[in-house]
There are 2 protein chains.
Amino acid sequence: MDTASTPHIAIVGAGLVGAGWIIVFARAGRKVHVFDASPAIRDALPGLLSEALDAMARHRLIDDVEAILARIELVETLEAAVTGASYIQESVLEIVEVKRQVSAEIDRFLAPNAIVGSSTSGLPASSFTEDCVNRARFTVAHPVNPPHLVPVVEIVPAPWTDPDTVTRTRTLMDHVGQVPVVLTREVPGFILNRLQGALLDEAWSLFEQGYASTEDIDRTISYGLGLRWSFMGPFETIDLNAPGGIDDYARRLGPMYAGFAADREPSGHWSQEAVARATAERRAALPSTDLEARRAWRDERLMALLASRR
Amino acid sequence: MDTASTPHIAIVGAGLVGAGWIIVFARAGRKVHVFDASPAIRDALPGLLSEALDAMARHRLIDDVEAILARIELVETLEAAVTGASYIQESVLEIVEVKRQVSAEIDRFLAPNAIVGSSTSGLPASSFTEDCVNRARFTVAHPVNPPHLVPVVEIVPAPWTDPDTVTRTRTLMDHVGQVPVVLTREVPGFILNRLQGALLDEAWSLFEQGYASTEDIDRTISYGLGLRWSFMGPFETIDLNAPGGIDDYARRLGPMYAGFAADREPSGHWSQEAVARATAERRAALPSTDLEARRAWRDERLMALLASRR
């Protein structure tokens, strides 16, 4: 990519999610201007980036750490980050008033053709971009944490988002090696967290009713369903699981699944008692003091998985 | 393992699931006696086993195909398979009357200390073992297909199953390299298919309402949630996703998930219209004539995943 003539990417908000985005774009050869209002976050960023990039290099997911770092510039103001950028990834705090205020500031400095994606995991773009002059060029671009290791990005337009903004965000994500998923319109939780929520609700319900331990429920995924789901989605999975494909599967097994739904507990209910018991089981398996090390282990496993796919 | 003095394992029902079980036990060094009432299945079995074992050898999941094959004996009667076996894995047709009849036959020839696990994916053991003399030694031992590539096994006791039967089945599964999960009591669909059903219901609902294509919904799993779930279950995943662990996560995000549940469509409803549209999308992505090749691809991916974990 000819980075000399390609406009830079702006990252606004450089916590854990923002830092992942910096790596995504810089890894793909793009110049990245970064702004965060917090001095503590700005100070922590270089260490965070170096550590993440060194780990990726160990897994041979990237070659040249220095070249990637050289594309990243930490700037002093939001204006300096946004001015002249072709794309702005906003990853500030998940508070609607903060998102609204930062979106308004981005809006002020937006280049004529630039577009903006928000990393929000739950707030629809319509809740914080309504008053922007360029609101047609704002959308949600929701990653999974950490974005540089889990490639999916949910693109969720507000009612006033220009379809061209969606198309260009999708194309950009494709180009930088992410996997964009496009929603036709807003829905609370988008797709990924709604799917996670449905599975979590059932897991909590089974645990609360005492059918199995958290460890055993976890193993049905990590040694069962999750193996296939790491390379095939739920629709492709069932498409292959009946001789005649997905419609054959729906005919054979739809009634069975409808039967489970009939005696499913009211959803969205994670009782305090169940949470307390689950916490006791989890802390027996993994003391609080080991949480951080286990997160590092998780990221190592993700990197090994990505490396093995190549 | 000293196979000379260890009693053999009996496999009753040698279709796709039974064939996987044969490999599980023979791979672990156990002698396996196999019976199936269908001549067509008996005739197909040697080819099926050789093909599966050769593929595993290519992925270096096993070393000595001939040694494994040498432990497998196809016998002419159920009596010959079951007599003297320490454990019987029953994998006959998923029809309650067939399970009841075959269980009664196994019961007749059961050695004094032998135990029986049924591969049923939906029928509780209480629906087909009630009249067995040795019903305390019958349980469900539900695998995922194919059992030799996806290790989880759900052990689900009937009300009359002896706890010792559960313990011994769990120990055996551990010994042969499977990953046993123990349920305290029966529940329709057990754990794995209830979790799958909850996620599928939400996926169908989102698709039916037109939020995204089957391909894009699939990608939120296969490039998103499924990556983590291939080595961590849902509880460990959320335990690591909040600074203070699982209780912190429940406090922060429980209300958000409860909000999704509030506007969730009635579950268990896969409309004919949605199934027809999903089928059209899937057949455009993968013609019917390629389903079989894609299943082989899926098994290759599972083998590569298992190999990369070693």
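This is a predicted model, so every value here is computed, not measured. Within every chain, numbering begins at 1; the chains are lettered A, B, ... in the order of the sequence lines, protein sequences first and strands thereafter.
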Name the member of [options] that forms the most heavy-atom pairs with chain A at distances under 4.5 Å.
| options | value |
| --- | --- |
| B:Gly197, B:Gly244, B:Ser121 | B:Gly197 |
| B:Val275, B:Leu206, B:Leu195 | B:Leu195 |
| B:Asp247, B:Leu240, B:Leu302 | B:Leu240 |
| B:Gly122, B:Pro243, B:Ala307 | B:Pro243 |
| B:Arg219, B:Met256, B:Arg228 | B:Arg219 |
| B:Gly259, B:Gly210, B:Pro143 | B:Gly210 |

Part of [X] lying under 4.5 Å from any heavy atom of chain B:
| X | result |
| --- | --- |
| A:Glu186 | backbone |
| A:Leu149 | backbone |
| A:Ala242 | backbone |
| A:Val144 | side chain |
| A:Asn193 | both |
| A:Ile246 | both |

So do the side chains of [X] and [Y] get within less than 4.5 Å of each other, counting heavy atoms only?
| X | Y | result |
| --- | --- | --- |
| A:Ile217 | B:Phe235 | yes |
| A:Leu227 | B:Pro151 | yes |
| A:Gln196 | B:Leu199 | no |
| A:Trp204 | B:Tyr257 | no |
| B:Arg298 | A:Asn241 | yes |

Item to check | Distance-minimising heavy-atom pair for B:Leu192 and A:Gly224 | outcome: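 Scanning both residues completely, I find the closest heavy atoms to be CD1-CA, 4.4 Å.
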Given a strict heavy-atom distance threshold of 4.5 Å, which part of [X] is in contact with chain A: side chain, backbone, both, or neither?
| X | result |
| --- | --- |
| B:Leu200 | side chain |
| B:Leu183 | both |
| B:Ala280 | neither |
| B:Glu292 | neither |
| B:Ser213 | neither |
| B:Ser308 | side chain |
| B:Pro255 | neither |
| B:Arg283 | side chain |

Item to check | Verdict with supporting geometry, A:Arg294 and B:Glu236, salt bridge (charged side-chain N to carboxylate O under 4.0 Å, His left out) | outcome: CA-CA 10 Å; A:Arg294 189 70 173 172; B:Glu236 179 162 13; 2.4 Å; yes
Item to check | Axial cation check for A:Tyr223 ring with B:Arg309, 6.0 Å and 45° limits | outcome: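 Geometry flag: set, cation within 6.0 Å and 45°.
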Checklist entry - Taking the six-membered ring of A:Tyr211, is NZ or CZ of B:Arg185 closer than 6.0 Å to its centre and within 45° of its axis? => result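 B:Arg185 over A:Tyr211 ring: yes.
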Checklist entry - Rounded to the nearest 0.5 Å, how far does CZ of B:Phe260 lie from CZ of A:Phe190? => result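 Here the rounded value is 8.0 Å.
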Next on the checklist: I'd like to know whether the aromatic ring centres of B:Trp297 and A:Phe231 sit less than 6.0 Å apart in this structure.
Outcome noted: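 Yes, close enough.
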Item to check | A:Arg295/B:Asp239 under salt bridge (charged side-chain N to carboxylate O under 4.0 Å, His left out): CA gap, chis, key distance, verdict | outcome: CA-CA 10 Å; A:Arg295 290 188 189 107; B:Asp239 192 31; over 6 Å; no
Checklist entry - A:Leu305, A:Asp248, A:Leu286: which one forms the most heavy-atom pairs within less than 4.5 Å of chain B? => result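 Looking at each option in turn, the highest pair count goes to A:Leu305.
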